[in-house]
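Keep in mind the model is a prediction, meaning the values are calculated, not measured.
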Amino acid sequence: MNSERIVDAKWLRERRGDAGVILVDTRPARDFHAGHLSGARHFDPFPFHHTDTSARGIAEFDAQLQWIFSALGISERETVVFYENESGMRAARGQWALEYAGHPAARMLDGGLKAAVGEKLVTNVEKFAPADFQINPCAEILATYPRMLEQLGRRDVQIFDVRSDAEYFSERVRAKHGGAIPGAYHQDWTAALAADGTVKSPADLRAQFEALGLDPANEIVPYCQGGYRAAHAYLALKIAGYAKVRNYLGSWAEWGNRDDLPREHPRRK
């Protein structure tokens, strides 16, 4: 499956050695150094949690992304493909972050290394020059807590909780408060993955999301704990044809740690 945001292993094989394609390995550093795709650069997004979506917080996030993508040698001229072992949240976070930063060709490798059959992994790290990446934030794919609070209860905005069942039902609390954002629909983010670690087909995703009650005419705002699983849900919703999707960057690490934001407490039936 190839689209504006996702490419498959066949697409990659046909473009190996193309100077206009940059590969970014988003796995932990130890995995990258144990073996990665030839020419890949390394960026594990996990250490870069960002849980302040105030105006000041987003300004800091923008500056951080500009620094990261400059250090990775990315400009607006290349196609940038993020990967990990499968179609996981790390690679999705990289894809979403670069798209948010205004890059015209941010992609995720569908199925990751598991799908890249025949690709030899290497341990040498090729040198590359840093770039002067200039961020041009795509605000329409980002949700902040002030906007979330303002949009609560609107019929044309649906909040999508993609945490685990245990987190959603407050059986595993990872913030000051348990609970969920009021009115949120819920489904674990992994439901978007096929058994082989690739993303499900657009038709399957569309049917799955519509059965859950997510209306393609509405704005959909996924959230999780830190905006990583939500980035994957953003990608899956876009693949399914949902036009208006925003990743709530702060997610529950922000919402659940504040005393001034409303919460509900879903319980298992």
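- Between the side chain of Lys120 and the backbone N or O of Ser38, no donor-acceptor pair lies under 3.5 Å.
- Between the Tyr83 side chain and the Leu37 main chain, a donor and an acceptor come within less than 3.5 Å of each other.
- In this structure, the separation between NE2 on His33 and CZ on Arg27 is 10.5 Å, given to the nearest 0.5 Å.
- Checking Asp161 against Tyr185 by side-chain atom types alone, no donor-acceptor pair falls below 3.5 Å.
- In terms of heavy-atom proximity, Ser251 sits nearest to Gly227 at OG-N, 3.4 Å.
- Within 6.0 Å of CZ on Arg268 lie more than 12 heavy atoms contributed by other residues, nucleotides or ligands.
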Query raised in the report: Given Lys114 and Asp196, is the side chain to side chain contact (heavy atoms under 4.5 Å, CB included) satisfied, shown in steps?
Result: CA-CA 8 Å; Lys114 290 181 180 178; Asp196 63 356; over 6 Å; no

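- For the pair Arg5 (side chain) and Leu235 (backbone), a donor-acceptor distance under 3.5 Å is absent.
- The minimum heavy-atom distance linking Glu86 with Gly197 is given by the pair CB-O, 3.6 Å.
- Comment: Lys10 does not engage Asp8 in a salt bridge, judged by the lack of any side-chain N to carboxylate O separation of less than 4.0 angstrom.
- Between Leu193 and Lys200, the shortest heavy-atom distance links the atoms O-CE, 3.4 Å.
- Judged purely by atom type and a 3.5 angstrom limit, Glu84 uses its side chain to pair as donor or acceptor with the backbone of Arg90.
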Report task. Kindly indicate, with the supporting measurements, whether the criterion side chain to side chain contact (heavy atoms under 4.5 Å, CB included) is fulfilled by Tyr228 and His49. Result -> CA-CA 9 Å; Tyr228 294 78; His49 289 291; 3.4 Å; yes

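- The distance from the CZ atom of Arg229 to the CD atom of Gln225 is 6.5 Å, given to the nearest 0.5 Å.
- Relative orientation of the His36 and Phe32 rings is parallel, given thresholds of 30° and 60° on the angle between their planes.
- For the atom pair CZ (Arg154) and CG (Leu152), the distance works out to 11.0 Å, reported to the nearest 0.5 Å.
- When atom types are taken as modelled, the side chain of Asp25 and the backbone of His42 share no donor-acceptor pair closer than 3.5 angstrom.
- Each of Val221, Ile220, Leu205 was scored for a side-chain contact (heavy atoms from CB on, under 4.5 Å) with Leu237, with one residue passing: Ile220.
- Looking at Arg206, its side chain does come within 3.5 Å of a backbone N or O of Ala240 through a donor-acceptor pair.
- Closest heavy-atom contact between Pro222 and Ala233: CB-CB, 3.7 Å.
- Side-chain N or O atoms of Thr53 include none that pairs as donor or acceptor with a backbone N or O of Thr144 at under 3.5 Å.
- Heavy-atom minimum distance, Pro182 versus Pro262: CD-O, 3.4 Å.
- Interatomic distance, Gln187 CD to Phe160 CZ, rounded to the nearest 0.5 Å: 5.0 Å.
- Arg246 contributes a side-chain N or O that, together with a main-chain N or O of Leu142, makes up a donor-acceptor pair within less than 3.5 Å.
- Of the possible polar contacts, none joining the Trp252 side chain to the Ile181 backbone as a donor-acceptor pair under 3.5 Å is found.
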Report task. Determine, step by step, whether Val24 and Leu98 satisfy the side chain to side chain contact (heavy atoms under 4.5 Å, CB included) criterion, reporting the C-alpha distance in whole Å, the side-chain angles of both residues, the deciding distance to 0.1 Å, and the verdict. Result -> CA-CA 11 Å; Val24 180; Leu98 188 58; over 6 Å; no

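- Each salt bridge (Lys or Arg N to Asp or Glu O under 4.0 Å) pair with one or both residues in residues 122-149, not counting sequence neighbours, appears once here: Arg147-Glu219.
- In this structure, a donor-acceptor pair under 3.5 Å is present between the side chains of Asp110 and Ser87.
- Rounded to the nearest 0.5 angstrom, Phe43 CZ and Phe69 CZ are separated by 6.0 Å.
- Following chains of ILVMFWY side-chain contacts shorter than 4.5 Å, one can reach Ile239 starting from Val245, so the two form part of one hydrophobic cluster.
- Checked against the 6.0 Å centroid threshold, Tyr234 and Tyr100 do not count as a close aromatic pair.
- Note on ring orientation: taking the six-membered ring where Trp is involved, the planes of Phe169 and His186 are perpendicular (angle over 60°, cut-offs 30° and 60°).
- To the nearest 0.5 Å, the span separating OH on Tyr242 from CD on Gln158 amounts to 8.0 Å.
- Contact record, Arg13 with Val117: NH1-O, 4.4 Å, taken as the closest heavy-atom pair.
- Looking at heavy atoms from C-beta onward, Arg163 lies out of side-chain contact with Arg174 at the 4.5 angstrom threshold.
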Query raised in the report: Given Thr190 and His232, is the side chain to side chain contact (heavy atoms under 4.5 Å, CB included) satisfied, shown in steps?
Result: CA-CA 9 Å; Thr190 57; His232 194 280; over 6 Å; no

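- Checked by atom type and distance alone, the side chain of His50 pairs as donor or acceptor with a backbone atom of Gly57 at under 3.5 Å.
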